[in-house]
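Data block below; observations after.
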Amino acid sequence: MSATISLQQLTDQLEALEAEAAAAIEAAPGPADLEQLRVDLLGKKGRLSAVLGAMGRLPGDERPQLGQRANVLKEQVQQRLGARLEQLRSAAMAERIARESLDVTAPCRYGPPGHRHPLQATVEEILDIFAGLGYRVAEGPEVESDHYNFTALNIPPHHPARDMQDTFYLAPGPDGSERLLRTHTSPVQIRHLEANPPPVRIVAPGRVFRRDAVDATHSPVFHQVEVLALDEGLDFSHLRGTVTTFLERFFGDLPVRFRASYFPFTEPSAEVDVQWRGRWLEVMGCGMVDPAVLEGLGIDPERWSGFAAGLGVERFCMVRHGIDDIRRLYSSDLRFLEQF
Ligand code: DAH
């Protein structure tokens, strides 16, 4: 039978081991050294195992005490190893960041430079023209309520646009409210007027959604720009002048015609055509804001009047560039995109 050993002696050994380990870990120069230390200290044939090997020589009732002490040591060592590893890693990262630098202004050497998508360029050009006329950009959410998309715009309950065939309805919101994907940018008119008293002049670009089958001229997701001006004394001549000026700036000096039309939120309403390569093309809807819409917002229609217009960005882009199929605008085909 081997010589007895006291609990105190073994505890002292553990303490010495712990102190030694702490110093060695602190001094370890790299992750590989840490791994080696872990094996030497905690591995099967490591220093801790060696001390615990002598546990058998303790009286049985003292063994749990030593076991507990050993567990504390093991945890401490593991925690120190982890902390040191983290320290080494962040020092390495900091060193790397200091060493590497990236010149984002350097000319591109590996491929053609990127550029704006033709649709985006079209939106920006439209907004630019309106900015020049004193309009500010406004935006609204793509997920809308029935109220903003239809009711507040004077669109009656059984209007065909509300049909499930035309509108993407979503599951109700957390508060049980009805939700849908906006079918036009006109709800931004309402949201803007709720938050901003007239006079206002805004343009609101954005995506809109309709349950349309895809073909050369239809896409279930497309882009519109909404225009709204509300002030004292605005009449149809202001609408006509603004729309004509805008179309001239965008398309150049082309014949423009206004055709009487109907929209629930404008009265009177018109559709606007431009003559492009000998054909009349419908490019936008517009009209004088219907007094019923203003009354719904608590705005006095005797004092304030204005006009609104809405246009499809894809249409503008396609006409301008002679693009024959709307799908080309969404295909990300570089052979197409590189032409712009
Ligand atoms: N919201 C209409 C649509 O999507 C377009 C439109 C027509 C907007 C007339 C207007 C307007 O602001 O006055 O078909």
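Note that this is a predicted model, so its numbers are computed, not measured. Counting starts at 1 for both ligands and their atoms, in listed order. Residue numbers run from 1 in the order of the sequence given.
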Stepwise side-chain hydrogen bond (donor to acceptor under 3.5 Å, both in side chains) test for Asp235 and Ser305
CA-CA 7 Å; Asp235 60 35; Ser305 61; over 6 Å; no
What are the distances between nitrogen or oxygen atoms of ligand 1 and protein nitrogen or oxygen atoms, counting only those under 3.5 Å?
unit_1	atom_1	unit_2	atom_2	d
ligand 1	1 (N)	His184	ND1	2.9
ligand 1	1 (N)	Ser186	OG	2.9
ligand 1	4 (O)	Arg210	NH2	2.8
ligand 1	4 (O)	Gln224	NE2	3.0
ligand 1	12 (O)	Gln189	NE2	3.2
ligand 1	12 (O)	Glu226	OE2	2.7
ligand 1	12 (O)	Ala309	N	3.3
ligand 1	12 (O)	Ala309	O	3.4
ligand 1	13 (O)	Ala308	O	3.1

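In this pair, Tyr135 and Phe130 present their aromatic rings perpendicular. The plane angle is above 60°, beyond the 30 to 60° band.
Annotation: His321 is in aromatic contact with Phe340 [ring centroid separation under 6.0 Å].
In this structure, Arg191 forms a cation-pi arrangement with Tyr148, its terminal cationic atom sitting closer than 6.0 Å to the ring centre and no more than 45° off the ring axis.
Here the straight-line distance linking atom CD of Gln224 with atom CD1 of Ile126 works out to 11.0 Å at 0.5 Å rounding.
By the salt bridge (Lys or Arg N to Asp or Glu O under 4.0 Å) test, Arg315 pairs with no residue at all, sequence neighbours left out.
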